[in-house]
Chemist: 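One structure, as structure tokens, below. Some questions next.
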Amino acid sequence: MKKSVIIDCDPGVDDAIALFMAFASEKLDIKAITTVAGNVRLEKTSKNALKLTEYVGYDVKVAKGASKPIIRELVTAEFVHGESGLGNMVLPEPDGAFYTKNAYDTIYEEATNCENGLEIIALGPLTNIAITLLKYPEIKEKLKHITIMGGSTELGNHTPAAEFNIYVDPEAAKIVFESGIPITMVGLNVTNKAYITAKDLEEILSYNNRPAELVGKSLMPLVDFFKNLDFKGVPLHDPAAMATAIDEGLLETKLLHVDIETKGNITRGKTVVDIYGVTGKKPNANVAVDIDREKFINLFKRLLKSYGI
């Protein structure tokens with residue numbers, strides 16, 4: 001049976017690649033894509049989501065969500081994802097329209113209509129999900145699971161302490177992690193291991209289909225950049241989280257308590273993971289501690305190759 005999912009995202013180069021994976025997966029029934037401000041501003045993330053669905057001819061509603069964090073001013077990452085949010089990906093302008101309901105009402109609508117339980121795959125700041133929880137508290141009983149690309153058991157990437165998605169809206173992250181909904185946190189400690197090499201990208205480019213070409217050409221220029229940072233390849237953060245939502249067997253996890261730092265001046269957005277159980281707090285997340293990179297890359301390649309079949 002397919003998983004009924006909503007993908008909440010802020011496309012974003014790595015979100016785009018993760019969406020290509022999701023569209024090709026036979027295991028996901030995508031009920032909607034909801035967009036949030038993060039990598040770039042909401043108008044761009046939303047437009048990018050429409051572009052990506054139309055580029056591969058995938059028919060799914062796209063609902064616009066939060067244009068800024070719950071409390072804070074928006075922080076974006078054009079320096080990573082480019083002004084458009086899609087780096088060097090050039091896609092046609094979209095023809096379609098956004099769904100008539102906003103992200104929060106769409107999440108609630110789909111959760112209410114989903115008999116087997118709705119899951120959310122969250123690839124950006126958690127603002128939309130937190131607002132949904134605040135607006136519709138009863139949705140906690142209707143959401144089966146949330147896979148979160150965010151946080152880390154170790155260091156950050158936006159600051160020394162914090163991963164970008166959690167840093168952007170730590171208050172939203174705190175609401176989600178404290179909601180009681182089953183959560184899998186796929187953080188930098190694992191996604192940094194989910195890297196792709198130049199050799200892998202050369203193979204992907206040989207598939208001769210449009211999504212594979214976009215992925216190969218967008219990631220190949222980053223190989224040397226990450227090599228200079230002592231990475232073995234280009235880390236695929238959102239694609240790793242997407243892959244684990246498709247195949248849970250890729251991950252090793254531990255049930256742990258995760259607190260979100262909302263008050264620290266230099267630790268804003270840090271996911272404080274109680275690895276040794278010193279706080280005595282009840283675990284609230286399955287925290288990813290390892291990933292089978294070989295199986296991940298094989299799944300990644302298989303999904304991209306399927307567009308040419």
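No experiment lies behind these values; they were computed from the predicted model shown.
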Chemist: Can His257 and Thr279 be counted as having a side-chain donor-acceptor contact under 3.5 angstrom?
Modeler: no
Chemist: Looking at CG of Asp290 and OG1 of Thr253, how far apart are the two atoms once the value is rounded to the nearest 0.5 Å?
Modeler: 11.0 Å
Chemist: With sequence neighbours excluded, give me every ring pair (Phe, Tyr, Trp, His ring centres under 6.0 Å) pair touching residues 49-100.
Modeler: Phe23-Tyr58
Chemist: Would you compute the distance between atom OG1 of Thr271 and atom CD1 of Ile260 and round it to the nearest 0.5 angstrom?
Modeler: 6.0 Å
Chemist: Walk me through whether Tyr307 and Arg210 qualify under side-chain contact (heavy atoms from CB on, under 4.5 Å).
Modeler: CA-CA 8 Å; Tyr307 283 97; Arg210 298 199 305 169; over 6 Å; no
Chemist: Please step through side-chain contact (heavy atoms from CB on, under 4.5 Å) for the pair Lys61 and Glu110, ending with a clear verdict.
Modeler: CA-CA 11 Å; Lys61 64 185 73 168; Glu110 293 299 334; 2.8 Å; yes
Chemist: Pro11 and side-chain contact (heavy atoms from CB on, under 4.5 Å): which partner among Val40, Ile33, Asn48, Leu50?
Modeler: Asn48
Chemist: So which pairs with a foot in residues 269-283 pass salt bridge (Lys or Arg N to Asp or Glu O under 4.0 Å), sequence neighbours left out?
Modeler: Asp259-Lys281
Chemist: Below 4.5 Å, heavy atoms only, C-beta onward: do Ser152 and Asn189 meet side chain to side chain?
Modeler: yes
Chemist: Please check if the side chain of Asp169 supplies one atom and the backbone of Ile70 the other of a donor-acceptor pair under 3.5 Å.
Modeler: yes
Chemist: Any chance the side chains of Glu138 and Tyr108 put a donor and an acceptor closer than 3.5 Å?
Modeler: yes
Chemist: Pick out which of Leu19, Leu28, Asp8 makes a side-chain contact (heavy atoms from CB on, under 4.5 Å) with Ile121.
Modeler: Leu28
Chemist: Among Thr45, Asp15, Thr76, whose side-chain hydrogen bond (donor to acceptor under 3.5 Å, both in side chains) with Asn39 holds?
Modeler: Asp15
Chemist: Can you tell me if NZ on Lys217 sees more than 12 non-hydrogen neighbours from other groups inside 6.0 Å?
Modeler: no
Chemist: Within the side chain of Asp247, is there an N or O that forms a donor-acceptor pair under 3.5 Å with the backbone of Thr244?
Modeler: no
Chemist: Calculate, to the nearest 0.5 Å, the distance between atoms CD and NZ belonging to Glu119 and Lys3 respectively.
Modeler: 4.5 Å
Chemist: If you count every heavy atom of other residues, nucleotides or ligands that lies below 6.0 Å from Glu78 atom CD, does the total exceed 12?
Modeler: yes
